[in-house]
Number of protein chains: 2
Amino acid sequence: MPETTETTILAAAKKVFIKKGYAGARMQAIADEAGINKAMLHYYYRSKEKLFRVVFEQAMMGLIPKLDEALSGNGSVVEKLEKVVRAYVAHIQENEHLPLFVLHEIAQNRIEFIASMKSKAARFPNFPQFFMQIIQEQEAGKIRAILPVHLLLNILGMVVFPFIAKPVFCNVIEIPEADFDSLMKDRADVIVDFMKNALTP
Amino acid sequence: MPETTETTILAAAKKVFIKKGYAGARMQAIADEAGINKAMLHYYYRSKEKLFRVVFEQAMMGLIPKLDEALSGNGSVVEKLEKVVRAYVAHIQENEHLPLFVLHEIAQNRIEFIASMKSKAARFPNFPQFFMQIIQEQEAGKIRAILPVHLLLNILGMVVFPFIAKPVFCNVIEIPEADFDSLMKDRADVIVDFMKNALTP
DNA sequence: GTCTATAGCTGGATAGAC
DNA sequence: GTCTATCCAGCTATAGAC
């Protein structure tokens, strides 16, 4: 990706929006971060709203296709979920503010995102198919009974929560954030282990 | 609690702040919600910042002591965690925007909250003690090995995540929010079951 | 205590020179 | 394309009448 002014702005906007949220972000802060002038933001992206949409879309694009990559193919349910866990933990560790950003902005329903997302995303996960596979393995006695939706929520919850709760958690439990980070290095392994135990009949 | 103007304002402020976040909340919106005038907000609470602090503090007070209630006493680890799950699921179901609010605002570190919180909270959970109990039960072979911090994160993740992710989840998976809500009725049972299977040696 | 009116500022957006 | 200067709406906060 060449470093044009346009891409510099976008990178700066990502940083600021994802950290502060739409309402908390300031165009001035984005301009400063990009090392250029406020007017340029409007020259390239017209408005705060439009700039935000680009940032948000790209943020989602970094998440949704990862699910598809993990869930498609022909591994077992546990193998697929293990892929989900590892892919997300790794991705979030490199973008720590990302999940909270996405969750917060969607809760504000600033976005009617699914329509635009599904059409634009190169890959989109096939949930009905995956859920079916879960049920089949359960009927075959390979994994314990649990509604597929709940299983997915359990996994995603264990993956995502620690990162968005880090500041609260460190404060309440009183451990330094550095210690927390080093604990998180094993995070994927711990989740996979926990999941396997929970699902083994 | 008598319905004075002061309490009316606070209730309105809770509603607006928790739904929109600090940056997204408008004093006018709070005034409207309370059915009174903007000037009154300042008369009673001086500034947006000060009003926010009261709201935030009370929000945290609704969460932290619940942990203590569940973790103190003399049940087993699993029994205590089951209490945590049931208490939080119930509480969040009645305050659906609460967790995202707390997580988002703390991530913005608008709050150096632990100091003021620990001194004001009537009950504050004793984590070292609980973690010790976990280790003891593990050494006694009663539950599987897992670092106490990770275990707690797993449980809280499974509890909190579904509620904060509801809008995303419903959009991506394409199920109506009403269906999701009815799924969530069993949520506590599902988590408890999953946890027990994961922890049983 | 409660209201109306308004001050004062912040921040998104634009005009216009270069 | 990039900058400076500026407009104007929207917001917090206050003054002042009742």
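In what follows, chains carry the letters A, B, and so on, assigned in the order in which the sequence lines appear, proteins first and then strands, with residues in each chain numbered from 1.
For the pair B:Lys38 and B:Gly35, both in contact range of DNA chain C, the more 5′-proximal nearest nucleotide belongs to B:Gly35.
Between A:Phe127 and A:Phe124, the ring planes lie perpendicular to each other; the angle is over 60°, past the 30° to 60° tilted range.
Summarising the geometry, atom CD1 belonging to A:Ile106 is positioned 12.0 Å from atom CD1 belonging to B:Ile164; distances are rounded to the nearest 0.5 Å.
Reading DNA chain C from its 5' end, the first and the last nucleotide to sit under 4.0 Å from a heavy atom of chain B are C:dG1 to C:dT4.
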Sequence neighbours left out, cut at 3.5 Å: what donor-acceptor pairs do the side chains of residues 55-67 of chain A make with other protein atoms?
unit_1, atom_1, unit_2, atom_2, d
A:Glu57, OE1, A:Lys120, NZ, 3.3
A:Glu57, OE2, A:Lys120, NZ, 3.1
A:Gln58, OE1, A:Lys14, NZ, 2.9

Indicate every side-chain donor-acceptor pair of residues 191-201 of chain B with a distance under 3.5 Å to a residue at least two apart or in another chain.
unit_1, atom_1, unit_2, atom_2, d
B:Lys196, NZ, B:Glu82, OE1, 3.4
B:Asn197, OD1, A:Arg144, NH1, 3.3
B:Asn197, ND2, B:Asp193, O, 3.4
B:Thr200, OG1, B:Lys196, O, 2.5

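With the end axes of the helix from C:dG1-D:dC18 to C:dC18-D:dG1 each set by five pairs, the angle from one to the other reads 10° at 10° resolution.
Residue pairs meeting the salt bridge (charged side-chain N to carboxylate O under 4.0 Å, His left out) criterion with at least one partner in residues 181-190 of chain B, sequence neighbours excluded, are B:Arg86-B:Asp189, B:Lys166-B:Asp181. Residue pairs meeting the salt bridge (charged side-chain N to carboxylate O under 4.0 Å, His left out) criterion with at least one partner in residues 98-110 of chain B, sequence neighbours excluded, are B:Glu105-B:Arg110. Each salt bridge (charged side-chain N to carboxylate O under 4.0 Å, His left out) pair with one or both residues in residues 121-135 of chain B, not counting sequence neighbours, appears once here: B:Asp68-B:Arg123.
In this structure A:Glu69 satisfies the side chain to side chain donor-acceptor pair (under 3.5 Å) test with no other residue, sequence neighbours excluded. For A:Lys15, the side chain to side chain donor-acceptor pair (under 3.5 Å) partners two or more places apart in sequence, or in a different chain, are A:Glu33. With sequence neighbours left out, B:Thr7 forms a side chain to side chain donor-acceptor pair (under 3.5 Å) with B:Thr4.
Within a heavy-atom distance below 4.0 Å of DNA chain D, the residues of residues 39-52 of chain A found are A:Ala39, A:Met40, A:Tyr43, A:Tyr44. Less than 4.0 Å separates DNA chain D from at least one heavy atom of each of the following residues of residues 5-26 of chain B: B:Ala25, B:Arg26.
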Could you walk me through whether A:Lys83 and A:Glu79 pass the salt bridge (charged side-chain N to carboxylate O under 4.0 Å, His left out) check?
CA-CA 6 Å; A:Lys83 276 190 199 166; A:Glu79 284 164 356; over 6 Å; no

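Note: CD1 (B:Ile30) to P (D:dA13) measures 11 Å, nearest angstrom.
The side chain to side chain contact (heavy atoms under 4.5 Å, CB included) test with B:Val160 singles out one residue from B:Val89, B:Ile92, B:Ile155, and that residue is B:Ile92. For the ring pair (Phe, Tyr, Trp, His ring centres under 6.0 Å) test with B:Phe17, the passing option among B:Phe101, B:Phe52, B:Tyr45 is B:Phe52; the others fail.
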